[in-house]
Amino acid sequence: MAGCRMKLELSRVALGKGRLGVLKGLGKTGQLSLEVPGCLLHTHLGTVPHLTQDTLSTLSTLPSVTQITLSNIAEHQEVLEEFKDGFRKFAGLHDTVLYCALHDPATPCPTGHTTNKTVSVWGSGGRIELTVAKFMALQKAVKPDWYQSMADGETWQINTSHKRVRKSVDRSLAHLDECLLVHQKSQELEGVEVFGVVEGGDILEERVRSAKETAKRPVSGFCLDGLQTGSMDQALRTQLISAVTKELPEDKPRLLQGVGRPDEVLASVEAGVDLFEGFFPFQVTERGCALIFNFNISSNPELAGRAPPAVLEPGEDQETAGDSQHNGDLNPDDQTQMTSFEINLKDKRYQGDFRPLVEGCGCYCCRNHQRAYLHHLLVTNELLAGVLLMIHNTAHYHAFFSALRDALAEDTLDLLKRRVLGQTERKD
């Protein structure tokens, strides 16, 4: 297959403690890279929600990979085909690697619309049915740097039958084979990488079968689908991911779809995941909330500023913290519900709180505004509220991944886990 410049160079692999490395050879020139574990930049039609490109450029340490989805793009196929120069130029994107996924992880997708030959995506105008031919025509029009293969991922619901899960795996492998056949014959997709999709629902033997068979195909990496928040508890997710990653080659990246909560990220990294979709800050912003969880484990004052400390330690200022400290208190399986890693700034308790969202955070929002001002913007429905929250939440979330990589490098992952989950070291 053409392309295959993408290469994962691992600097540290610890059983049950995650993989540390760099994904190299990205982009048309192969000059860009992405550190792992890492997350992608979540966008709607190439734009980070609430933020202009100029505003986005003020944030440091953003990932080099931008994620777009066919659920947002499919209805614009004719325009892109007429434009001819691909989505990157169409959207005015620069110096970024473009990854095209099937579904938007931040938007629930209705089920019951797959067949042996088609899958469906949902845009602003409703359902769009995709055959492999239409799916690949879209990829040719988008011209991404890499894309996930078409797959039947509708087996994450509870009580899905073994027969339906087995059919999902078979369909996804058949779709992958058809996609690869078209890809190999396509001049427009020369140099573009393909990620195979591992399905299997919550059935271990089907997950393993899907992983083994997908790994036999000439793909550059793997998407682990159907494991999203709300589909299963973390213990089962970890068991399935661990079994799957044992069947996948060490030198190819594993992207976990639909998981973004910090506690789930940590558990999934330990199970062998390399990449995540970066939709969680957007979901938090849409709730009118701000990420405040603590991930600063550095004892070096000069390094401490790289990862902004949370305002609160467990047990401190409980009236202000509300339910923000102990993971699991707030229905962790519902992606639409507030999590324990954030605070709800619509609450009246913040109308007189003149602290920044996070003490020591270097983002524009925390350097210039207080919680009380964010509260005012939210209760008066000002558009600036979403802008400022998205700036902070994006910066905080990506700084968390930087701290995660540092913890893996320094063998302090257990300390990071305790800090993120709101636990403190016992002091004798």
Side-chain angles (χ1 to χ4, degrees), residues 34-69 72 91 93-99 101 104-107 229 258-262 264-265 275-296 305-311 324 335 338-339 341-345 356-369 371 373-374 377-378 382-405 420:
L34 179 67
E35 292 182 293
V36 300
C39 75
L40 315 180
L41 188 65
H42 175 73
T43 71
H44 291 177
L45 284 171
T47 299
V48 175
H50 301 290
L51 304 182
T52 64
Q53 287 293 333
D54 285 344
T55 304
L56 185 66
S57 67
T58 65
L59 298 177
S60 60
T61 65
L62 287 176
S64 61
V65 180
T66 297
Q67 177 174 337
I68 56 175
T69 59
N72 293 323
L93 302 177
H94 308 284
D95 301 321
T96 188
V97 178
L98 205 60
Y99 162 61
D104 185 344
T107 305
T229 298
V259 172
R261 261 182 25 207
E264 295 178 333
V265 167
L275 297 172
F276 298 82
E277 298 172 306
F279 63 96
F280 187 64
F282 169 65
Q283 289 186 324
V284 174
T285 298
E286 292 299 281
R287 291 192 282 267
C289 294
L291 292 172
I292 57 98
F293 67 97
N294 193 350
F295 50 80
N296 178 23
R306 293 167 55 189
V311 173
S324 65
Q335 289 203 51
M338 179 180 169
T339 69
F341 305 100
E342 60 201 84
I343 54 174
N344 183 359
L345 288 158
L357 296 177
V358 172
E359 296 284 356
C361 177
C363 80
Y364 175 86
C365 179
C366 289
R367 285 188 288 108
N368 292 278
H369 300 294
R371 296 176 178 192
Y373 182 58
L374 270 294
L377 293 176
L378 285 165
E382 291 288 346
L383 294 178
L384 182 58
V387 175
L388 294 176
L389 282 176
M390 196 65 187
I391 288 173
H392 168 76
N393 288 333
T394 301
H396 195 86
Y397 194 66
H398 289 284
F400 159 63
F401 274 91
S402 179
L404 172 55
R405 292 189 293 271
V420 169

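Quick caveat: nothing in here was measured; it's all calculated off a predicted structure.
Residues T61 and S402 have side chains that never bring a donor and an acceptor to within less than 3.5 angstrom of each other.
Between the CZ atom of R367 and the NE2 atom of H392 there is a distance of 13.0 Å, given to the nearest 0.5 Å. In this structure, the separation between CG on L378 and OH on Y373 is 11.0 Å, given to the nearest 0.5 Å. In this structure, I343 CD1 and M338 CE are separated by 7.5 Å, a value rounded to the nearest 0.5 Å.
When side chains are defined from C-beta on, R287 does not count as touching N344, because their heavy atoms never get closer than 4.5 Å. Side-chain contact between Q67 and P105 is present, with heavy atoms from C-beta onward closer than 4.5 Å. Side-chain contact between C363 and L357 is absent, with no heavy atoms from C-beta onward closer than 4.5 Å. Taking 4.5 Å as the limit, some side-chain heavy atom of P37 sits within range of a side-chain heavy atom of R405. The closest side-chain heavy-atom distance from V97 to T66 is not below 4.5 Å. Between Y364 and L388, some side-chain heavy-atom pair lies under the 4.5 Å cut-off. A heavy-atom distance below 4.5 Å is found between the side chains of L62 and T394.
F280 pairs with exactly one of Y397, F400, F341, F401 by the ring-ring contact (aromatic ring centres under 6.0 Å, His included) rule, that one being Y397.
The number of heavy-atom neighbours closer than 6.0 Å to CG of N368, taken from other residues, nucleotides and ligands shown, is above 12.
Taking the ring centroids of F295 and H396, they lie under the 6.0 Å cut-off.
Looking only at distances, no side-chain donor or acceptor of N296 sits under 3.5 Å from a matching main-chain atom of A403. Judged by distance alone, the side chain of T96 and the main-chain N or O of S64 form a donor-acceptor pair under 3.5 Å.
Every side-chain contact (heavy atoms from CB on, under 4.5 Å) that P63 has, sequence neighbours left out, goes to L34, L41, H398. A search for side-chain contact (heavy atoms from CB on, under 4.5 Å) contacts involving N72 returns H44, L45, T69, D104, not counting sequence neighbours.
Pairing each heavy atom of A106 with each of H42, the nearest pair is CB-NE2, 4.0 Å. For the pair L93 and G46, the tightest heavy-atom approach, listed with the atom from each and the gap, is CD2-O, 3.3 Å.
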